[in-house]
Amino acid sequence: MAIPFHDMEGRRHNMDNGMPTRYDASQSEAKWYEAWEQAGLFQPDPDPGKPVYSITIPPPNITGSLHMGHALCYPLQDLLGRYRRLRGDSVLILPGQDHAGIATQSVVEKQLRKEGTSGAQLGREAFVERVWEWRKDSGDTILQQLRRLGCAFDWSRQRFTLDDKYAEAVLKVFIDWFDRGLIFRGKRVVNWDPVLQTSVSDIETERKTVKGKLTYIRYPYADGSGHIVIATTRPETMLADVAVAVHPSDERYKDKVGKMLILPLMKREIPLVADMYPDPAFGSGAVKITPAHDANDYQVGVRHNLPMPVLLDERARITEEGGIYAGLDRLEARKRIVADLEEQGFLEKIEDYEIPIVVSERSGEVIEPLLSEQWFCDQPKLAEPIINAVKNGEVHFHPERYERIFLEWMENIREWCVSRQLWWGHRIPIYFTEDGTPVAALNWEEAEKKAGAKIVRQEDDVLDTWFSSGLWPFATLGWPEQTEDLKRFYPTSTLITDRNIINLWVARMMMMGYDLMGEKPFSDVMIYATVLTHDGKRMSKSLGTGVDPMTIIDTLGADALRYTLLSQTGDNQDLRYSERRTEDARNFCNKIWNATRFVLMNVVPSSVKASPPANLEASDKWLLSRLHLTERKVREAYDNYDIQSACQALFHFFWGELCDWYIEISKPRLNDPATRETPQWVLLTAIEAFLKMMHPVMPHITEELYQHLPIEGKSDFLMSADWPRIADSFSFEEEEAQMERVFEVTRGLRALRASIDLTPMKPIPVAYYQGDLYGAEQVLSSQAWVQELRQGKPAERTVSSTVAGIDLHIPIGDLVDLDKLNSNLGKDLAKLSDEHAKLKLRLDNPQFVERAKPEIVERERATLEDMESRMTKLKERIDLFK
RNA sequence: GGGCGGUUAGCUCAGUGGUAGAGCACUUCGUUCACACCGAAGGGGUCACAGGUUCAAAUCCUGUACCGCCCACCA
């Protein structure tokens, strides 16, 4: 296409510089990603003299494809990496994936079910093999998508939590902790997921309330002296009741404690015990005790040394303990038992009741508390050093409020059930001798050596996924070997994650890092916002409210998507995603593209000098001064994880200052060979600095444009360039303020034109001004489209206004609608008088004058004076048209 | 039950003591030789509510309402 170009003599030519008028993201993105990768820019700089910045990314699960949350999370890390790289650090961002035990296993189980088979049918070995196949297929999708987002991660150092080396590290930790007594076996009531048939931890469950029934049952005393009434939401568990408990202070039962009761249906005798647990104010004050199926009941059972029969099996069906009800599903059993109780006269009453239930996050199934043998980790012991470290400021949270939430949780931390009854994961390295003694060892042979006895079996359970991901910041770097990477990159710099896994993951990394490395795993934890739909709903595939980031990238580009999400990232806890905002971001890309294209069309390469020209005009100084300020703002914002402020500053500088004013002002000078060198230099300086500062957010378009810049001392890539150094000598406070006033006056003159319906941008022959324009008359006349700007006030009839102390006059003929004009002037005066009255009132208040800061009072006085002078002028102007 | 966040223009959000801001949307005007994915000029807000502190409150304090999130063993 034909594009105008200026030659050495300043004559215009049409020349094809190959840049279309619209930025085409699809052309640019893959091209530059590949170029960076080939140039090895994703690997850390080996220079040992450079400061190090490292991140081990939260490994995405291998269970599907990326969603909008990922499209924020990973570019955010990429942003920090790119920023630190520009600032001169050696940057490592280490990617990887998590085997995600329960999640992955249930995905594959679902597939098998569709094929008419199951894990149980395949057997352990074949099933695990099948999951590995799935990992190969699905794992790459996610990596491909991270590339499309522009993430400059070091793929050569990629890790997977089930890789041989990583797995060995996991086992070593288990063995170490077992030998140190930090891991132990115990019988506890755990959360049992009857669908996945495994235990899950408290934080993998969700609490809900559902409409249900509260059933009151009569338990007769064995001696025939009447009965006691208990209330329960789970009548079926009565089959395994071993006692009824009342509070020791409860007068109703004081003389009954110690008596025996007859358990209805089972006709078994159980004692009435006194315990602190029951609340006398609730129901009848008496609680049935089923130790194997309720954590509280279990505690009572332990205190009173009661038996603990297990009534439900791994699928939540009634066991042999349930006598004639054996084999029934728990809900079926409930119906039958209530019916039988009624028939036999034990049912007191049934009330509607809001039942609190616990649901498994993974399967959605109601969790059954179940007494079983599990492996536990002594978290309270591990937590101590962390609490101190966070309090001492070794690890910082952003936003800060999460620090307190985290500490509160750490201070109330409990045992961690680390065993899962799954196949996909790290099998617990415990071996049992014939007499059942557990030995922790890397393998069978070592276990026998360690035990000095014959080993008969290995523990079947695998470890909770978070046990392995807790090692992520150092196991990925080669631990337990003292590798070069480990020495160089640990502790890592920043951890960026979702607030939902602070306790699940962040806490574990901290505990494991401090215990095993003796040092924090990272110095900053940044919690980013949850991405919601445009109307504030949760994004979810099943609800159909999810937006696929890849579709957005296809149509609007990765940079636009990144900008959309990153420019809304501050310390907010939610973020609403709307495609319209991505369209705005795409428009911003296009603006950047075209402004740069304009500069390139107006730059003669030979005229580009590395050092600033001597003859800077006020507008040049203004722009450089704004650039100076913008650089500081952006740097500080990036440093404080306040990405939205960085984006805002960059947007405003580029669109509102560089494009709206500087480029427009400079056009006349750029068209004149005698004056164009200075604005050329200023433009290139500003654009180069802007592209660098924008690069962490929008890496592709900035790289593309940087490659076009005809400047000296360029790097091969913008990505590997240096952060702009804007000398303090570019700060021109006085010129800056003066130019701002000239712009204000310009806007005033444009508005004055509009008030008499003068079409914008159509030149008018003459306008007058009174006051000091600091020599920037040219700016006013060109930007308010005036052919001739004269000083003074003409004798002929004019419309006038006063802006920033400058009087403006446009001569008018007879064509002006005087009524409209007068009405407008009247409105202005009314508004002004109103403000004036308010301000006057304030200044007349002696307390204000006395107590307010003197500079405030002085400023208000000046404002008042200005208002008065404007009012006088307005009145004169109104009189003129009467 | 406890804790945390939010409530500012039609929409999405900035704004931590000194005359209410941005982007989008809207109205009017305009294709000017970077860009109509553009430019110019406008309209639009008792800053959720009620008290309090202060010369001065969107901003600080107390309380209330609504929305969202997290934590919690009441059968």
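Every chain is numbered from 1, with letters handed out A, B, ... down the list of sequences. All of these numbers come straight from a predicted model, not from anything done at the bench.
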Let me see the working for A/L532 and A/T545 under side chain to side chain contact (heavy atoms under 4.5 Å, CB included), right down to the final yes or no. CA-CA 9 Å; A/L532 304 176; A/T545 50; over 6 Å; no
Quick test of your reading of the model: are [X] and [Y] salt-bridged, counting only N-O distances below 4.0 Å?
| X | Y | value |
| --- | --- | --- |
| A/D866 | A/R870 | yes |
| A/E354 | A/K211 | yes |
| A/K840 | A/E868 | no |
| A/K208 | A/E206 | no |
| A/D202 | A/R414 | yes |

Under-4.0 Å side-chain N/O to phosphate OP1/OP2 contact, [X] with [N]:
| X | N | answer |
| --- | --- | --- |
| A/K762 | B/A40 | no |
| A/R750 | B/A41 | yes |
| A/N587 | B/C38 | yes |
| A/R586 | B/C37 | no |

Under 3.5 Å donor-acceptor pair, A/E664 side-chain atoms to B/A34 base atoms: yes
First of A/K831 and A/P278 reached from the 5' end of RNA chain B, by closest nucleotide: A/K831
Comparing A/E408 and A/Q847 on RNA chain B - which has the more 5′ nearest nucleotide: A/E408
The side chain of [X] is closest to which nucleotide in this list: [options]?
| X | options | result |
| --- | --- | --- |
| A/N590 | B/C37, B/G39, B/A34 | B/C37 |
| A/Q644 | B/C73, B/A14, B/A41 | B/A14 |
| A/N296 | B/A40, B/C73, B/A75 | B/C73 |
| A/P356 | B/U12, B/A75, B/G18 | B/A75 |
| A/R404 | B/A41, B/C4, B/C29 | B/C4 |
| A/M867 | B/A75, B/A34, B/U19 | B/U19 |
| A/A852 | B/C4, B/C74, B/G18 | B/G18 |

Base, sugar-phosphate, or nothing: which does A/C659 touch, judged by heavy atoms less than 4.0 Å apart? base
When Watson-Crick pairs (N1 to N3 and N6-O4 or O6-N4) and G-U wobble pairs (N1-O2 and O6-N3) count only below 3.5 Å on both distances, what is the dot-bracket string of RNA chain B, with | for other-strand pairs? ((((((((.[[[[.)..(..]]]].(((((.......))))).....[[[[[..)....]]]]])))))))....
Distance from A/I663 atom CD1 to A/L623 atom CG, nearest 0.5 Å? 9.0 Å
Would you say CZ of A/R861 has more than 12 non-hydrogen atoms from neighbouring residues, nucleotides or ligands within 6.0 angstrom? no
Tabulate atom names and distances for all N/O pairs under 3.5 angstrom spanning the protein and nucleotides 68-72 of chain B.
from	atom 1	to	atom 2	distance (Å)
B/G68	N2	A/Q573	NE2	3.1
B/C69	O2'	A/R499	NE	3.2

Identify the pairs formed between an N or O of the protein and an N or O of nucleotides 21-26 of chain B at a distance under 3.5 Å, and give each distance.
from	atom 1	to	atom 2	distance (Å)
B/C24	O2'	A/R580	NE	3.1

Spacing of A/E835 atom CD relative to B/U19 atom P, expressed in whole Å: 11 Å
Are A/K591 and A/F651 in a cation-pi setup, meaning NZ or CZ lies under 6.0 angstrom from the ring centre and within 45 degrees of the ring axis? no
